[in-house]
Structures are given as C-alpha cells and as structure tokens.
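Right, one structure below, let's go through it.
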Number of protein chains: 2
Amino acid sequence: MGRRSDHSRDEIREMALAAAEQVVAEQGLAGLSARKVAGAIGYTVGTLYLVFDNLDELILHVNVRTLDELHAVMVKALRRCRGPESCVLALGRAYVRYADTHRHRWSLLFEHRLPEGQEVPEWFRAKVAAMFELVEGALAPMSDHRSGREIGLAARALWSGVHGVAILALTDKLGTASVESVQALTDSLIRNYLAGFAGAGGR
Amino acid sequence: MGRRSDHSRDEIREMALAAAEQVVAEQGLAGLSARKVAGAIGYTVGTLYLVFDNLDELILHVNVRTLDELHAVMVKALRRCRGPESCVLALGRAYVRYADTHRHRWSLLFEHRLPEGQEVPEWFRAKVAAMFELVEGALAPMSDHRSGREIGLAARALWSGVHGVAILALTDKLGTASVESVQALTDSLIRNYLAGFAGAGGR
DNA sequence: ACCTGAACACCGTTCAAGT
DNA sequence: ACCTGAACACCGTTCAAGT
C-alpha cells in the first residue's frame with residue numbers, strides 16, 4: 001500500500017466527478033455513495049476525502065457541470081429561432097428536453113440540499129444566474145420600455161415557472177408525465193406570460 | 001419484553017406520523033430516521049416496520065398531511081378575495097407563505113422520491129389534484145369560453161409555475177431568498193399569465 | 001507524500017426469540 | 001399476538017499506519 005502517484009490531485013478529482021455522474025445517471029442520488037465512486041476509479045474511500053471536503057462538495061461539482069451542459073443546450077436552441085416569442089419557447093423546450101433525457105442528473109440539481117446552515121457558494125449561483133441571463137436576452141427585444149431590473153424579475157419568474165412545470169411533471173406528481181404534455185404545459189406558461197408581459201400592464 | 005398492547009396499530013401509526021413531522025420540521029429529511037421516530041414514540045425500530053411497510057411509506061403519509069394543510073390554508077385564503085385575479089393572487093400568496101413558514105415540511109414534498117420503478121400512489125395524486133382544483137375554481141370566472149380541459153391545463157401550468165418560483169427562491173438558488181422577493185416573483189408570474197389567459201390569444 | 005484499511009457512529013430492514 | 005434486540009449489509013467520515 002501507500003504511495004502510488006498514478007494520478008495527480010486534479011486527475012483524481014476529474015475521475016471521481018465523471019464516475020459520480022455515471023452512478024447518478026444510472027441510479028440517481030439514492031444510488032450514489034463515496035465508496036461506490038471510489039471503487040469505480042480504483043481508489044479507496046479515504047482518497048476521495050483527500051480530494052473533496054465531503055460528499056456534498058462532490059455533488060455540488062457534479063451539479064455545476066450539469067448547469068454547464070444545460071447552458072450549452074440552451075445556447076444551441078437560440079440558434080434556430082426567429083423573434084422573441086419563438087426564442088423563449090425554444091429555450092423552454094430545450095430545457096424540458098434536457099430534463100427529460102437526463103432525468104437523474106437534472107433531478108440531482110434540486111434533490112440535493114446542503115446541510116442546514118451552509119449556503120450555496122457564489123460560483124454555483126453565478127452559473128444559475130448565467131442561465132437566467134439567456135432568458136433575459138431573449139426577453140429584451142420585447143421590452144424596450146422596461147428597466148433591466150424588470151427584465152431580470154420577469155426572466156426569473158418565467159424560468160422558475162418552466163422549471164416548476166418540469167419538476168411536477170417529470171417526477172410524476174401531476175399524473176401526466178409524457179414529454180408532450182410537459183411541452184404543452186411549458187408552452188402555455190410561456191405564451192400566456194409573454195402575452196401579459198408584452199401587452200399593456202406588465203408589472 | 002414482548003407484548004404491551006398499550007396502543008392499537010392505528011394509534012402507533014398516528015404517533016409515528018406526528019413524531020416524524022416534528023423531526024422533519026426541526027431537522028429536515030436528512031435528519032429523519034426510523035430509529036429516531038421509533039425512539040420518539042417509545043418503541044423499537046422493529047415496531048415501526050410492523051405498522052409501515054418501510055420509511056418511504058411513512059414519508060408518503062407525512063406528505064399527504066402536508067398537502068391537506070396546504071389545501072386548508074388555500075381554502076382559507078379564498079375567503080378574503082373578490083374577483084378572479086384577486087383570488088388567484090391570494091392563492092399564490094397563501095402557498096408561498098406556507099412554504100416559507102414550513103420550509104422543511106414543504107421541502108419534503110419534493111425532496112423525497114420513491115425508489116426507481118415505484119410510482120406515486122393514486123390517493124396521493126388525488127390530493128395534488130385537489131390543490132389544482134382550487135386554482136381551476138378561481139380561474140373559471142375568467143374563462144367562460146374555455147373548455148374544462150383548457151382550464152385544467154392553465155391551472156397546472158400556472159400552479160407548477162408558482163411552485164417553481166417557491167422552490168428556487170426558498171432553497172436559495174436564486175440568491176434572493178427573502179419572502180418579499182418571492183411574493184414579487186409569484187405576483188409577476190400570476191399577473192402576466194392571467195393577462196395572457198384572460199386576453200385575446202390564450203391557446 | 002500519498003494512499004490504505006480499519007475504525008467509529010450511524011443507517012434501513014429483517015426476524016428469531018421472548019412474554 | 002405483540003414487541004424486542006440483535007443481526008446484516010450498508011452508509012459518511014477520520015486517521016494511524018504503511019510504503
């Protein structure tokens with residue numbers, strides 16, 4: 001036993017994250033364990049704790065990667081749309097499609113909660129903010145007369161909404177879990193919200 | 001040891017549920033364990049399994065009670081509103097207020113997931129449906145020309161949206177966790193959605 | 001310096017044995 | 001018939017000891 005130095009600290013981190021992603025993809029949060037991840041990369045549990053503070057930190061990093069993937073998918077969706085409503089709808093559909101095809105990875109984003117006092121680190125929130133900025137960008141062309149603050153609030157309200165639809169539908173709490181019906185729900189949410197937002201009142 | 005018969009099966013179930021509620025309220029899902037619940041009611045772990053299939057079933061019943069409380073709170077909110085928009089807003093605010101003041105109980109509703117193949121039982125989904133029916137009822141006065149199916153879809157889209165706002169905001173993923181800002185977000189979501197829904201298009 | 005392996009204090013779940 | 005207590009197979013996390 002003892003020293004091996006087959007891999008650098010960073011390499012071990014990377015391997016662990018990749019292994020954790022695979023376990024989560026296959027078995028969800030419930031199937032994830034430090035021993036399982038360690039075994040998958042050919043190291044002992046102890047080594048994992050040399051490289052991550054604890055399991056929560058590891059999961060946080062898996063989640064940031066998921067946010068990055070989501071962001072990329074949404075950016076891609078923006079390349080095939082014309083006009084503001086079309087673009088917001090495209091973002092919504094891309095989001096729902098990702099959630100549907102990567103259920104476990106996506107669920108981990110919201111099933112995992114940090115222990116009581118601990119708050120979500122800044123670099124994590126920045127990634128969430130980046131996602132909202134895509135929505136703000138799509139909203140901007142239809143909101144000349146509005147302040148950045150208003151657009152920011154609208155993007156958060158609307159996107160949290162899309163997210164809520166995805167959660168209830170995909171975790172089967174609505175009794176209507178098909179991708180089509182989720183799409184119908186998000187489309188309804190987005191179309192009606194935008195009608196109100198672009199129209200008279202707003203607020 | 002052996003027989004005691006201090007309490008009937010149903011009494012033990014009731015005591016266990018009450019104890020579980022308290023543990024969850026204080027320490028969240030992560031703090032909940034079969035041994036802890038059993039200890040709190042003065043029985044052994046084994047007894048808990050005589051009365052519940054497993055921990056998942058116990059949690060499911062805690063969650064149904066939460067849905068009942070939420071329903072009651074929303075019904076109460078409907079007593080102090082005039083006109084459709086006012087009533088939907090009242091429902092939204094009641095929901096957010098409940099989520100905020102009972103964070104752990106409310107979080108349990110969505111943090112807890114049944115093991116892979118198992119689906120949410122019918123009696124559970126019925127309770128979720130009952131919540132949506134309250135929203136449908138509030139929506140009805142502003143949708144004479146719409147079918148029940150359309151109203152149902154609108155209620156689900158809108159309410160899932162309110163729920164998503166509450167999740168992201170209260171689990172601190174938005175970086176704006178104050179109750180006021182959550183209220184502002186839900187108000188924005190509801191007002192704009194209703195403007196679109198009541199207005200011309202809809203669809 | 002790097003990694004292991006065993007330990008500690010917990011889990012959910014089962015079930016022979018006691019009264 | 002009802003309940004216990006110990007067992008089993010797991011957890012997350014730590015850390016002395018080995019190379």
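So you know, we letter chains A, B, ... as the sequences are listed, proteins then strands, and number each from 1. Being a predicted model, the structure only gives us computed values, none of them experimental.
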What is the ring orientation for B/Tyr95 with B/Trp106, classed by angle as parallel under 30°, tilted 30 to 60°, or perpendicular over 60°? perpendicular
Would you kindly give the CG-to-P distance between A/Leu48 and C/dT4, to the nearest whole Å? 11 Å
Taking A/Arg105 for its side chain and A/Glu21 for its backbone only, find out whether a donor-acceptor pair lies under 3.5 Å. no
Within less than 4.0 Å of OP1 or OP2 of C/dT14, is there a side-chain N or O belonging to B/Tyr49? no
With the side chain of A/Thr44 defined as its heavy atoms from C-beta on, choose the nearest nucleotide among C/dT4, D/dT4, C/dG12. C/dT4
Which residue lies more 5' along DNA chain D, comparing A/Thr47 with A/Lys36 via nearest heavy atoms: A/Lys36
Heavy-atom donor-acceptor pair, B/Arg103 side chain to B/Leu170 backbone, under 3.5 Å: yes
Nucleotide D/dC3, atom P - distance to CG of B/Asp6 in whole Å: 7 Å
For a quick test of reading the model: is some side-chain N or O of A/Tyr43 closer than 4.0 Å to OP1 or OP2 of C/dC3? yes
Applying a 3.5 Å limit to both distances, which nucleotide forms a Watson-Crick or G-U wobble pair with C/dC10? none
Should the pair A/Arg146 and A/Phe197 be classed as cation-pi, given the thresholds of under 6.0 Å to the six-membered ring centre and 45° from the axis? yes
What's A/Leu32 touching, base or sugar-phosphate or nothing? Going by heavy atoms closer than 4.0 Å. sugar-phosphate
Using a heavy-atom cut-off of under 4.0 Å over every strand shown, decide if B/Ser33 touches base, sugar-phosphate, or nothing. sugar-phosphate
Identify, between A/Gly46 and A/Arg35, the residue whose nearest nucleotide on DNA chain C lies closer to the 5' end. A/Gly46
Can you measure A/Asp53 atom CG to D/dT14 atom C1' for me and round it to whole angstrom units? 13 Å
Any strand: nucleotide that pairs with C/dC2 via Watson-Crick or wobble, under 3.5 Å: D/dG18
Would you kindly give the CD-to-P distance between B/Glu11 and D/dC3, to the nearest whole Å? 11 Å
